[in-house]
Amino acid sequence: MPVIVDIDVMLARRKMAVGELADRIGITPTNLAVLKNGRAKAVRFTTLDALCEVLECQPGDLLRWEPEE
């Protein structure tokens, strides 16, 4: 998939665990893992907003597009 999810990059920069992020944004660690690993089919804007607020970043810091080769 050409959309790359960089949540783990932001987690490393913020020195935050996946479980802590899941608690702070109000989703299960399993659902966060699905999103983090690029297996999600959609992302709610409310979830994206919560991710950006907690990680203090912009949506473009979490999602990027790369063309398929």
Side-chain angles (χ1 to χ4, degrees):
M1 174 182 269
V3 174
I4 309 299
V5 181
D6 287 328
I7 292 174
D8 45 356
V9 172
M10 293 306 295
L11 282 170
R13 287 183 183 165
R14 302 298 187 254
K15 297 180 179 156
M16 186 181 298
V18 173
E20 179 185 350
L21 179 60
D23 286 343
R24 291 181 64 183
I25 65 172
I27 66 173
T28 66
T30 302
N31 284 339
L32 181 57
V34 168
L35 178 58
K36 186 175 79 70
N37 295 323
R39 294 189 317 261
K41 299 290 181 196
V43 180
R44 292 178 187 258
F45 280 115
T46 53
T47 302
L48 185 58
D49 179 57
L51 284 166
C52 290
E53 183 177 348
V54 170
L55 294 172
E56 297 178 351
C57 65
Q58 295 294 313
D61 296 326
L62 301 174
L63 303 170
R64 61 187 162 91
W65 180 81
E66 287 187 3
E68 293 183 283
E69 295 180 13

Of all residues at least two apart in sequence or in a different chain, which pass the side-chain hydrogen bond (donor to acceptor under 3.5 Å, both in side chains) check with Thr28?
Asn31
Of all heavy-atom pairs between Pro59 and Cys52, which one has the smallest distance, and what is that distance?
N-SG, 3.5 Å
Ignoring hydrogens and angles, tell me if any N or O in the side chain of Asn37 forms a donor-acceptor pair with the backbone of Val34 under 3.5 Å.
no
According to salt bridge (charged side-chain N to carboxylate O under 4.0 Å, His left out), does anything in residues 44-54 pair up with another residue at least two apart or in another chain? List the pairs.
none
Indicate yes or no: at least one non-hydrogen side-chain atom of Leu51 is less than 4.5 angstrom from one of Leu62.
yes
Donor-acceptor contacts under 3.5 Å from residues 7-25 side chains, at least two apart:
from, atom 1, to, atom 2, distance (Å)
Arg14, NE, Leu55, O, 2.6
Arg14, NH2, Leu55, O, 2.9
Arg14, NH2, Glu56, O, 2.9
Glu20, OE2, Arg24, NH1, 3.4

